[in-house]
Every structure is written in structure tokens, then in C-alpha cells.
K.L.:
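There's a structure below that I have some questions on.
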Amino acid sequence: MNCIGVLTSGGDAPGMNPCVRAVVRTAMAHHLHVKAVRHGFEGVMHCNFEDMHARDVGGIIQRGGTILQTARCKEFYTVEGQELGVKNLRYGGIDALVVIGGDGTMHGAMALHRLGYPVVGVPASIDNDIWGTSMAIGVDTALNTIVEAIDKLRDTASSHKRAFLVETMGRHCGYLALMGGVIGGAEIVLLPEVETHPDEVVECIAEGYARGKTHAIIVVAEGAKYNATALSKYIEEKSNFQTRVTILGHIQRGGSPTAFDRLLAARMGVRAVDALLKGNNGKMVGLHGRDISLVPLEEVTSKQREINMEYVEMVRMLAK
Ligand code: F6P
């Protein structure tokens, strides 16, 4: 193996840049050439490859987003696209690849592995919906953004005795909403994984006010059955509570990676290159307890990560 490639794919996540830096510099420490693949798998399709040197990843450790840029590539979902991808990578002199991204990216990595191409995945997605790691790169930064927003919203909520509905990202996974609820001190969280009737939310707000609370914070995952806007309408129709909606949206994906995310990114990037050097292909690096270890991509792409239901009750209990 003379040259490895590195790409970021799917939704960007804070910490992708320090991970790219770790991959490039670890590879260089082992006297490997490194090529960047621009725009994720789209770059694989169009041979968008560029040589990388140590200085190319200078000054990016603190930057959000990804300097390699990213994309969601439909073409790469097809077997023809994947076969063309392997051909292009080989033609471009890239002997093995580190792919950094979310759930969809790991499926892309698995496709390359199935075609016999050496690949290692690094989980990076604010959603934390990837099986095989307790934390993905970017989750901690997103949670810090969420908690900062909730803290600010509580100031205005309690000044006006209002109920605030805060909508978080996460696609079909309620992790961000659930953890945001715990650390933001929400009254209740609404998740895709748990069906909650809107009357339960009205009741919860009423009970809180009856106990002397001056605000209510309701965290709603974007994938929940009722979104924040629908829920707000329902509450105002059924009660005399004043509500306001804040959809946090893409601000959750931006910003400088936290210390936790930078450390995770460095450890995972180093480990990914180490795995390729040892011929440990077809794996994803994952955080298990305090350790970074390898999980087969086959498992990652065939299993569904579940959220810990204990936290749902914890939110309600601690809001008392
Ligand atoms: O996967 C990350 C994520 O931010 C999800 O939480 C969200 O549903 C989706 O990406 C939004 O995608 P896009 O940026 O393409 O609108």
C-alpha cells in the first residue's frame, strides 16, 4: 500500500476536519502518500482526487464543516456506480480509503468492501444513529449547541410564562432530542421511537405550571410523529397556554468542534489508518467504553442502533 485516500460524505459534522488532519498526518508518519477525494462519493465518481501534504491540513483542527466538502451521492447507490468507483480509485492510484461520515456513508464503505476494495469507516454524524459506536464525531458539539439554545430560550420562556417547543435534528433517531432534554432540563421529549399523544404534552405543561413553574421546555425530534409546529397549534387549541416554536435546524451542524469531538476525531483518524496498514479492512472504528476498537462494516450496516429508554423517564422525573 503506497497511497491512501480520504473522503467525507453525507451531512457534515463538527470534528470531520480534525479527523481528516489525523488521517493525513498519521499516513505521512508511515511514509504513505495521501490523496483527498473531494465531495464524498461524488468525487469518487468523477475522479476528483488531489494530493495532500502535511500543510494542507494545517489550521483546520478548530474548524467546523469539512475542507474536503461533502455530498449525498445517488449514483453511488447503484452497483454500476460502485464498480465505476472502485475502477476510478484504482486508476487514481489510491490503494485504500478512509471514509468519514454517517450511516449512509458506512453503507457506501460496505459496498466498496464487498467489491474487494480496502476501506475503513469513521463514524461522523450529529444524529448518533450509527450502530457500533457509543458516540459519533460531531454529536457532542451538536449537543452543546442544543443546550446553549435551550438555556437562552428558558430565559425568555420564564419571563413570559410560555411553553417553548424546541425542534432538534436527527432524522429518524431521537438521540439528540433525548439527550438535549436531559441536559437542557426539558419537561418532556418527543421522539420518533416513542409515540406520545399531544394531550400528554398539554397535561405535562399544566402540571408544571400547577407546581409553580414559570416555563415549559418541550424538546421535539424532527422525526417525531407530531413536529414542533403541529404540536404548538394543538396545545394552543386545547389550552390557554402561550407557545413559541424554535427549529434549531442546521445551526446544530455548524461550529467549532468541542474538546471531546476533537479528541475522538484524532483517536479515530489515527486508528483508521492503523487498521488499513494492518490489513484490517472492511471495518469501522468505534468508541466502546474508553477504547477505540474495530467493528465489521457488515454488522454496522445490518444492525439498528437503539436509544436508551431509561432516559425518557429520567427527563420526566428530573423535571419535577
Ligand atoms: O444526518 C444529519 C442531518 O443533519 C439530519 O439530522 C437531518 O435530517 C439531515 O441531515 C438534513 O439533511 P440536509 O442537510 O441534506 O437537509
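Whatever order the structure lists them in is the order used to number ligands and atoms, beginning at 1.
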K.L.:
Tell me whether Asp140 contacts the main-chain N or O of Thr258 through its side chain, where contact means a donor paired with an acceptor under 3.5 Å.
P.N.:
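Here the side-chain-to-backbone pair does not exist.
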
K.L.:
Is it true that Glu200 and Arg316 make a salt bridge, defined as a side-chain N closer than 4.0 Å to a carboxylate O?
P.N.:
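A salt bridge is present here (some side-chain N lies under 4.0 Å from a carboxylate O).
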
K.L.:
Does either side chain, that of Gln242 or that of Arg162, offer a donor lying less than 3.5 Å from an acceptor on the other one?
P.N.:
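Present: a donor and an acceptor within the cut-off.
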
K.L.:
Taking only distance into account, with no hydrogens and no angle test, what donor-acceptor pairs under 3.5 Å do side-chain atoms of residues 168-185 form with protein atoms, sequence neighbours excluded?
P.N.:
none

K.L.:
Quick one: does Ser232's side chain have a donor or acceptor within less than 3.5 Å of a partner on Ala228's backbone?
P.N.:
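Not confirmed, Ser232 side chain does not pair with Ala228 backbone.
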
K.L.:
What are the polar N/O contacts of ligand 1 with the protein below 3.5 Å, with distances?
P.N.:
| residue | atom | partner | partner atom | Å |
| --- | --- | --- | --- | --- |
| ligand 1 | 1 (O) | Asp127 | OD2 | 2.7 |
| ligand 1 | 4 (O) | Arg253 | NH1 | 2.7 |
| ligand 1 | 6 (O) | Asp127 | OD1 | 2.7 |
| ligand 1 | 6 (O) | Gly170 | N | 2.9 |
| ligand 1 | 6 (O) | Glu222 | OE2 | 3.4 |
| ligand 1 | 8 (O) | Glu222 | OE2 | 2.4 |
| ligand 1 | 10 (O) | Arg72 | NH2 | 3.1 |
| ligand 1 | 10 (O) | Arg253 | NH1 | 3.1 |
| ligand 1 | 12 (O) | Arg72 | NH2 | 3.0 |
| ligand 1 | 14 (O) | His250 | NE2 | 2.8 |
| ligand 1 | 14 (O) | Arg253 | NH1 | 3.0 |
| ligand 1 | 14 (O) | Arg253 | NH2 | 3.0 |
| ligand 1 | 15 (O) | Arg72 | NE | 3.3 |
| ligand 1 | 15 (O) | Arg72 | NH2 | 3.3 |

K.L.:
Determine the interplanar angle of the Tyr209 and Phe241 rings, folded into 0 to 90°, and report it as parallel if under 30°, tilted if 30 to 60°, perpendicular if over 60°.
P.N.:
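Because their plane-to-plane angle is over 60°, the rings of Tyr209 and Phe241 count as perpendicular.
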
